[in-house]
Amino acid sequence: MTNPNNSLTSEAVAVPLLDWYDRHARRLPWRAPPGASRMDPYHVWLSEIMLQQTTVATVKDYFERFLTLWPTVEGLASADLDRVLTEWAGLGYYARARNLHKCAQRVVEDHGGAFPDTEEALLNLPGIGRYTAAAIAAIAFGQRAVVMDGNIERVIARLNTVETPLPAAKPALYALTDAVTPDARAGDFAQAMMDLGATICTPRKPRCMLCPITAVCAGKDMAETLPRRAPKKVKPTRTGMAVWIENTNGAVLLRRRPESGLLGGMMEVPSSPWTEGVEPPETEEGAYGMPVSLAPGSFRMMGEIKHTFTHFHLRLTVARAQVVDADLPKDCIWCPLDNLGDVALPTVMRKVAKAALL
DNA sequence: AAACCGGGGGC
DNA sequence: GCCCCAGGTTT
């Protein structure tokens with residue numbers, strides 16, 4: 001691939017970068033120690049799915065926990081989806097967990113339990129897009145693949161002073177990444193670029209003085225301003241009221257959300273609809289009409305929690321009440337307070353629980 | 001193009 | 001503490 005600005009070669013970038021990587025590579029649970037045998041594709045895949053939209057520090061414990069529970073892809077494939085969602089709780093983007101489970105089953109059923117070793121075949125698996133297919137091909141199978149994620153986009157935009165805003169700049173950034181990707185050690189190169197982006201070539205306050213490739217970086221004097229981005233949209237605020245309903249056995253009423261959409265398949269504290277542009281409800285009238293009768297006088301306001309999703313802010317008032325009688329639909333359970341840690345509760349609902357129990 | 005979450009950094 | 005932000009896949 002020709003180099004569009006005709007200045008940066010793979011050698012000028014990859015040699016000092018890989019040298020830095022060999023000396024400073026972070027020891028991570030999913031990374032082979034230097035000189036060790038190749039990583040298990042199952043481990044590479046699991047870590048890459050978790051690392052989508054999620055930081056290394058957050059992923060570490062989840063990764064080790066998943067491998068303890070399911071040491072092989074066959075084990076994960078035969079696990080209950082609800083168990084996988086429970087273990088995934090807190091990582092966010094729960095469609096990833098559903099696709100993870102589906103992908104494990106496809107690997108077992110269609111590929112005899114072995115991950116395919118081409119980008120094209122990997123791309124056909126659920127939850128594996130362009131980035132993850134390239135990363136697995138390079139890291140697990142030693143192939144030359146062009147790996148592009150947000151960190152690498154940033155490093156490349158700065159190296160070449162690309163001033164076109166994202167996402168329009170993506171094709172140019174891909175070509176520039178292709179131009180500096182070496183034939184050998186493409187997997188280590190990709191990991192080195194991502195490490196560099198995470199620790200040195202950071203979005204704000206980049207540490208150019210510590211950068212192993214600062215000598216060949218065209219953008220080092222304007223690094224913090226790159227890459228440029230199209231202006232972001234403002235998020236609206238939605239409000240509602242969540243009602244923490246307890247029975248006399250010390251259990252709380254939880255409901256499973258629909259399989260798809262926001263927090264798909266996760267458990268929730270029942271709440272009123274989340275509506276935009278109104279003040280959060282503070283009376284019983286705002287409560288969701290669950291098929292329960294509440295003990296007279298047991299309804300109390302417990303405070304308010306805030307949470308932000310991809311496309312809106314949420315303010316939920318939290319109320320607490322005692323139940324007298326209930327005829328629960330199938331998607332509802334009574335969860336003993338001691339078992340709250342063992343259900344698929346997303347972070348926003350853990351905030352609700354905390355407010356209700358204070 | 002829009003939907004999809006949570007944690008961490010900067011102030 | 002409170003913003004503000006970055007970040008792949010699917011539809």
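By convention in this document, chain letters (A, B, ...) are assigned in the order of the sequence lines, proteins followed by strands, and residues within each chain are numbered from 1.
The ring-ring contact (aromatic ring centres under 6.0 Å, His included) check on A/W334 picks up nothing, with sequence neighbours excluded. Residues passing the side chain to side chain contact (heavy atoms under 4.5 Å, CB included) test with A/T275, sequence neighbours excluded: A/T239, A/P273, A/V278. Taking the ring-ring contact (aromatic ring centres under 6.0 Å, His included) definition, one finds that A/F312 meets it with A/F309, sequence neighbours left out. By the ring-ring contact (aromatic ring centres under 6.0 Å, His included) test, A/F141 pairs with no residue at all, sequence neighbours left out. With sequence neighbours left out, A/F63 forms a ring-ring contact (aromatic ring centres under 6.0 Å, His included) with A/W30.
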Under 3.5 Å, sequence neighbours excluded: what are the donor-acceptor pairs made by side chains of residues 345-358 of chain A?
unit_1 : atom_1 : unit_2 : atom_2 : d
A/R350 : NE     : A/L345 : O      : 3.2
A/R350 : NH2    : A/V343 : O      : 3.4
A/K351 : NZ     : A/K306 : O      : 3.0
A/K351 : NZ     : A/H307 : ND1    : 2.9

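Residue contacts for A/R98: at a heavy-atom cut-off of 4.0 Å it reaches no nucleic acid atom on any strand shown. Within the nucleic acid shown, A/Y131 comes within 4.0 Å of sugar-phosphate atoms alone, with no base atom in reach, counting heavy atoms only. As judged by a 4.0 angstrom heavy-atom cut-off over every strand, A/Q53 is placed among the base-contacting residues. Using a 4.0 Å heavy-atom distance criterion, A/R154 is classed as a sugar-phosphate-only contact. Heavy atoms of A/G261 sit under 4.0 angstrom from primed sugar atoms or phosphate atoms, though from no base atom. Residue A/K233 is in sugar-phosphate contact alone, with no base atom involved, counting any heavy-atom pair closer than 4.0 Å across all strands shown.
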What pairs of nitrogen or oxygen atoms, one from the protein and one from nucleotides 7-11 of chain B, lie under 3.5 Å apart?
unit_1 : atom_1 : unit_2 : atom_2 : d
B/dG7  : O3'    : A/T58  : OG1    : 3.3

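Put simply, chain A comes within 4.0 Å of DNA chain C, heavy atom to any atom, from C/dC5 to C/dT10, going 5' to 3'.
For residues 86-103 of chain A, the set of pairs meeting the salt bridge (charged side-chain N to carboxylate O under 4.0 Å, His left out) definition, not counting sequence neighbours, comprises A/R65-A/E87, A/R83-A/E87, A/R98-A/E259. Legend: salt bridge (charged side-chain N to carboxylate O under 4.0 Å, His left out) pairs involving residues 208-233 of chain A, not counting sequence neighbours, sorted by first then second residue: A/E163-A/R228. Applying the side chain to side chain donor-acceptor pair (under 3.5 Å) test to every pair with at least one member in residues 202-215 of chain A, sequence neighbours left out, gives no pairs at all.
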Dot-bracket notation for DNA chain B, counting Watson-Crick and G-U pairs under 3.5 Å, with | for partners on another strand: |||||.|||||
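The aromatic rings of A/W45 and A/F115 are tilted relative to each other, their planes meeting at an angle between 30° and 60°.
In terms of phosphate contacts, A/H311 brings a side-chain nitrogen or oxygen within less than 4.0 Å of OP1 or OP2 of B/dC4.
What separates CG of A/L345 from P of B/dG6 is a distance of 11 Å, to the nearest Å.
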